[in-house]
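These notes are about the structure you will find just below.
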Amino acid sequence: MKEFIRDAVVETVSSYMEKNFGYLPEKVEVERTTQERFGDFTTNVALASARRVGKLPRDLASELAGLLSEQGKEIFSRVEVAGPGFINFTLSYPFIWQSVDSLIEGNYLAFEKRDFPRFLVEFVSANPTGPLHIGHGRGAAFGDALCRLLASTGYPVESEYYINDAGNQMKILGRSLYIRYLQLHGIETEMPEDHYQGEYLVDLARELIREKGDSFVPYDEAHLEFFVEYAGEKILEGIRKDLEDFRVSFDRWYSEKSLHDRGTVDRSIEKLKELGFVYEKDGALWFRSTEFGDDKDRVVVRQNGEKTYFAADIAYHLDKFERGYDKLIDIWGADHHGYVNRLKAAVQALGRSADDLEVILVQFVTLIKDGKSVSMSTRAGQFETLRDVMNEVGTDAARFFYLMRSAHSHLEFDLDLAKETTSENPVYYVQYAHARICSLFREAGERGFAISGKLSVSGLEGDEDRSIMMKLLDFRDLLGEAARALEPHRIPFYLIELARLFHSYYNKYRFLDEERELSLRRLALASAVREVLKKGLEIIGVSAPERM
């Protein structure tokens with residue numbers, strides 16, 4: 001809606017200013033007002049332009065207000081000058097009714113498809129060395145909701161999971177499983193402190209024995225590669241299952257190992273060397289990341305010839321650009337903050353803008369139970385994994401609660417609140433609003449309340465009617481702004497506020513009244529609310545139940 005109003009204001013104001021003053025405003029700002037007494041929208045164009053055209057701000061505002069009132073009479077019921085020179089607009093009821101009816105018909109929330117930029121969002125990308133923990137769950141909910149949000153607003157977007165299946169970490173994983181395997185056969189073998197300690201490896205070792213038998217693998221380290229592959233595949237299988245149950249899917253699962261096998265890592269190093277950004281020192285190869293603002297240069301090939309994880313990451317991002325993506329979004333845990341500058345440096349060295357890579361750091365999660373934070377032991381502590389949280393509160397509540405705060409803020413996840421079936425639980429509160437409307441339409445059918453033709457809100461003029469309708473019309477703007485800001489957390493807050501308005505309205509007014517025309521208008525309003533609630537919940541990956 002805001003874009004439509006801005007376009008109407010820009011067309012009128014620009015034409016008038018250029019014709020009368022030879023001046024074309026560079027940018028016309030139109031914003032929603034914070035209080036209803038100031039109308040619905042406001043612009044500061046008179047304040048911003050008065051000096052350039054030799055007018056007092058209020059005088060210029062009065063001229064423009066009169067013009068906008070005349071030319072926008074089908075849109076505005078009132079155009080007023082306020083304060084030092086703001087122009088406030090109040091939308092007319094016929095225009096509001098028409099817009100809400102368009103929403104009911106499914107047209108208002110349709111965004112045009114965009115050809116540019118092509119987004120690639122990489123998220124979760126947890127090492128296949130253990131099950132997903134609660135921090136991965138937050139990154140999964142955020143990344144998936146962001147992809148859904150971008151797609152719903154017309155952006156071409158794909159998602160990718162980068163499988164870190166190469167390097168020393170996988171050897172350590174295989175050795176850790178090998179040690180558990182030996183221990184289950186009664187062979188005393190101590191687990192080194194720098195190996196993976198989780199009990200899940202004991203379960204994997206038992207599964208291996210069940211599948212292959214006691215004597216399948218000889219008790220020597222020559223068979224380490226088998227253990228590496230077995231552990232990696234089984235753990236990745238569990239990760240895929242957890243994400244599937246969490247309603248997260250990826251367009252592509254991309255193997256780090258494939259980068260080495262195809263020679264992409266070597267090729268990227270050679271490319272940087274040709275560009276003068278890789279040099280040799282102390283028997284190692286270094287990337288000149290300091291030339292792009294990093295605090296020190298970074299090793300890409302160690303003295304022993306082994307390539308670093310950073311070298312693979314450079315190759316991976318080169319490959320992303322070569323696949324035709326314009327904007328890369330990497331979603332990482334907050335503990336990777338020190339890695340951002342070096343990767344942005346690599347992107348620039350490869351000839352791209354630093355802005356072509358957006359790194360979003362998702363902050364930590366604290367689980368709260370019985371008013372206290374839950375201990376997060378690495379040895380199968382309670383509620384440690386994403387699977388634990390899903391089992392405890394369900395996928396809907398988990399996703400909604402994960403998205404209740406900006407990714408940049410620490411999140412306290414209240415497990416007890418997430419399980420409540422009261423209005424105190426925000427996800428229940430929003431879902432109940434949707435289910436309540438579905439129940440309302442079932443009741444209308446049971447009472448023989450025949451609905452023929454299209455529903456329309458035309459004629460609703462009460463204060464509460466207007467508040468809900470304006471809130472509904474804000475949803476399109478919210479989606480566009482949230483997509484541009486890469487902030488899907490704005491959606492749950494909007495849905496809670498819309499649900500609050502509807503529940504209050506429902507408790508105050510009768511929908512199925514003896515006055516048929518009024519009932520049809522209110523049913524139309526309920527239908528519009530249902531449409532927006534369903535769309536919003538869909539974008540954040542939460543179900544919209546018809547019964548609760």
Side-chain angles (χ1 to χ4, degrees), residues 1-5 7-8 32 40 74-75 91-115 145-157 247 430-431 433-442 444-445 449-460 465-484 488 490-492 494-495 497-499 501-502 505-506 511 517 519-547:
M1 179 58 66
K2 187 164 67 176
E3 291 180 8
F4 179 86
I5 301 301
D7 289 345
R32 278 286 269 129
D40 300 313
E74 294 183 358
I75 303 173
L91 300 185
S92 70
Y93 270 110
F95 180 75
I96 293 173
W97 296 331
Q98 180 185 9
S99 301
V100 175
D101 287 350
S102 176
L103 191 157
I104 296 171
E105 294 164 12
N107 300 320
Y108 183 75
L109 296 179
F111 286 79
E112 291 184 6
K113 294 294 182 184
R114 310 167 198 258
D115 296 326
L146 179 59
C147 290
R148 292 170 184 246
L149 173 61
L150 289 169
S152 72
T153 50
Y155 291 98
V157 58
R247 303 190 193 118
V430 172
Q431 289 180 315
H434 183 271
R436 203 171 207 179
I437 296 170
C438 293
S439 174
L440 178 64
F441 277 87
R442 286 195 299 272
F449 207 95
I451 301 173
S452 58
K454 295 180 180 179
L455 287 170
S456 174
V457 296
S458 181
L460 288 178
D465 298 310
R466 197 177 204 283
S467 293
I468 292 179
M469 289 188 288
M470 288 304 301
K471 192 68 178 178
L472 291 169
L473 298 183
D474 284 340
F475 187 54
R476 181 185 172 90
D477 293 332
L478 177 121
L479 291 181
E481 291 166 4
R484 287 189 289 272
R490 299 187 188 191
I491 297 172
Y494 170 90
L495 294 176
E497 180 61 18
L498 178 60
L501 289 172
F502 177 76
Y505 189 93
Y506 183 93
F511 276 83
E517 291 304 315
S519 293
L520 287 173
R521 292 179 191 128
R522 286 179 176 163
L523 285 171
L525 183 62
S527 177
V529 172
R530 180 173 58 179
E531 184 73 22
V532 169
L533 289 173
K534 184 178 181 180
K535 181 69 172 179
L537 289 169
E538 177 187 322
I539 292 173
I540 61 174
V542 175
S543 69
E546 296 186 3
R547 286 181 169 85

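For the atom pair NE2 of His434 and CG of Leu537, the computed distance is 7.5 Å after rounding to the nearest 0.5 Å. Here the CD1-OG distance, from Ile96 to Ser458, works out to 11.5 Å after rounding to the nearest 0.5 Å. Here Leu473 contributes atom CG and Leu109 contributes atom CG; the two are 9.5 Å apart, rounded to the nearest 0.5 Å. A distance of 5.0 Å separates OH of Tyr506 from CZ of Arg436, quoted to the nearest 0.5 Å. Between the CD atom in Gln98 and the OG atom in Ser456 there is a gap of 10.0 Å [rounded to 0.5 Å]. Expressed to the nearest 0.5 Å, how far NZ of Lys471 lies from CG of Leu478 amounts to 8.0 Å.
The side-chain tip of Arg522 does not point at the ring of Phe511 from less than 6.0 angstrom away and within 45° of straight on. Remark: Arg476 is positioned above the aromatic ring of Phe111, its terminal NZ or CZ atom under 6.0 angstrom from the ring centre and at most 45 degrees off the axis.
With respect to the salt-bridge test (charged N to carboxylate O, under 4.0 angstrom), the residues Arg484 and Glu3 qualify. Asp40 and Arg466 are joined by a salt bridge, as a carboxylate oxygen and a charged side-chain nitrogen come within less than 4.0 angstrom of each other.
Shown here for Leu455 and Ile104, the closest heavy-atom pair between the two residues is O-CD1, 4.2 Å. In terms of heavy-atom proximity, Val157 sits nearest to Cys147 at CG1-O, 3.6 Å. Smallest separation of non-hydrogen atoms from Ile437 and Phe502: CG1-CZ, 3.3 Å. Heavy atoms only, all atoms of each residue included: Leu472 and Ala528 are closest at CD1-CB, 3.6 Å. For the pair Leu533 and Ala433, the tightest heavy-atom approach, listed with the atom from each and the gap, is CD1-CB, 3.7 Å. Across every non-hydrogen atom of Asp474 and Tyr494, the tightest pair is CB-CE1, 4.5 Å.
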Q) Should Met469 and Asp465 be marked as a side-chain contact (heavy atoms from CB on, under 4.5 Å) after you check the CA-CA gap, both sets of side-chain angles, and the distance that decides it? A) CA-CA 6 Å; Met469 289 188 288; Asp465 298 310; 4.2 Å; yes
**Q.** side-chain contact (heavy atoms from CB on, under 4.5 Å) assessment of Ser527 paired with Arg530
**A.** CA-CA 5 Å; Ser527 177; Arg530 180 173 58 179; 4.3 Å; yes
Q: Check the pair Arg521, Trp97 against side-chain contact (heavy atoms from CB on, under 4.5 Å), reporting the backbone distance first and the verdict last.
A: CA-CA 10 Å; Arg521 292 179 191 128; Trp97 296 331; over 6 Å; no
Q: Decide salt bridge (Lys or Arg N to Asp or Glu O under 4.0 Å) for Asp101 and Lys454; before the verdict, give the C-alpha distance in whole Å, the side-chain angles of both, and the deciding distance to 0.1 Å.
A: CA-CA 9 Å; Asp101 287 350; Lys454 295 180 180 179; over 6 Å; no
Q: Under the side-chain contact (heavy atoms from CB on, under 4.5 Å) rule, what do Tyr108 and Glu531 come out as? Steps first, then yes or no, please.
A: CA-CA 11 Å; Tyr108 183 75; Glu531 184 73 22; over 6 Å; no
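In this structure, Ser99 and Phe4 have side chains that are not in contact, with every pair of non-hydrogen atoms separated by 4.5 Å or more. Side-chain contact between Leu479 and Ile491 is present, with heavy atoms from C-beta onward closer than 4.5 Å. Phe475 places none of its side-chain heavy atoms less than 4.5 Å from the side chain of Leu103. Inter-residue side-chain proximity for Lys2 and Ile5 is flagged as unmet; no heavy-atom pair is nearer than 4.5 Å. Between Ser152 and Lys535 there is a side-chain heavy-atom pair separated by less than 4.5 Å. Proximity of Arg547 to Arg442: side-chain heavy atoms (C-beta onward) are separated by under 4.5 Å at one or more points. Put simply, the side chain of Lys113 does not reach to within 4.5 Å of the side chain of Tyr155, judged on heavy atoms. No side-chain heavy atom of Ser92 sits less than 4.5 Å from a side-chain heavy atom of Ile75.
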